[in-house]
Amino acid sequence: VALALIAEVRALRERISRIEAHPREFLGRTVRHAWVEYCKETGRTERPDRIAPWEETDEWSKEVDRRIGEAVRADLLEIATLYQIAGREI
């Protein structure tokens with residue numbers, strides 16, 4: 001499990017470094033995509049706003065997705081920093 005997490009953190013750090021020009025937008029889109037996919041997987045598609053793509057999402061929902069993305073990013077970067085301080089390769 002730990003090795004899988006390390007690999008995921010490494011992959012996310014690479015993706016994040018490629019999108020630094022618009023990080024909040026990218027992170028919000030990523031959260032939205034995961035949300036829509038989960039709704040489809042679980043059959044929760046009765047509300048069109050629940051499964052609307054990013055471009056059709058209202059600004060309030062976009063901001064929620066951006067903030068969730070930023071929180072996940074901050075946690076992952078903190079984990080990566082802790083691993084580096086401990087002298088472990090990520």
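We're numbering straight along the sequence, starting at 1. Heavy atoms only: backbone and side chains are in, while hydrogens, waters and symmetry mates are out.
Looking only at side-chain heavy atoms (C-beta outward), Glu55 and Lys62 stay at 4.5 Å or farther from each other. Using a 4.5 Å heavy-atom cutoff, the side chains of Val9 and Tyr83 are not in contact.
Residues forming a side-chain contact (heavy atoms from CB on, under 4.5 Å) with Glu8 (at least two apart in sequence, or on another chain): none. Here Glu78 pairs with nothing under the side-chain hydrogen bond (donor to acceptor under 3.5 Å, both in side chains) rule; sequence neighbours left out. A search for side-chain contact (heavy atoms from CB on, under 4.5 Å) contacts involving Leu77 returns Arg13, Arg73, not counting sequence neighbours. In this structure, Pro48 has no side-chain contact (heavy atoms from CB on, under 4.5 Å) partners at least two apart in sequence or on a different chain. For the side-chain contact (heavy atoms from CB on, under 4.5 Å) test, no residue two or more places apart in sequence or in another chain qualifies with Ala34.
Atom CH2 of Trp54 and atom CZ of Arg32 lie 8.5 Å apart (nearest 0.5 Å). Considering CZ of Arg10 and CG of Leu12, their distance stands at 12.5 Å, rounded to 0.5 Å. Distance check, rounded to the nearest 0.5 Å: CD of Glu70 to CD1 of Ile68 gives 11.0 Å.
Cluster annotation: Ile85 is not connected to Ile6 through the hydrophobic network of ILVMFWY side chains, with a link wherever side-chain heavy atoms come within less than 4.5 Å.
Annotation for Cys39 and Ile51: closest pair CB-CG2, 3.7 Å, computed over non-hydrogen atoms.
Side chain of Arg24 to main chain of Glu63: no donor-acceptor pair is present (N/O by atom type, distance under 3.5 Å, no hydrogens or angles).
Note on residues 37-53: pairs passing side-chain hydrogen bond (donor to acceptor under 3.5 Å, both in side chains), not counting sequence neighbours, are Glu46-Arg50, Arg47-Asp49.
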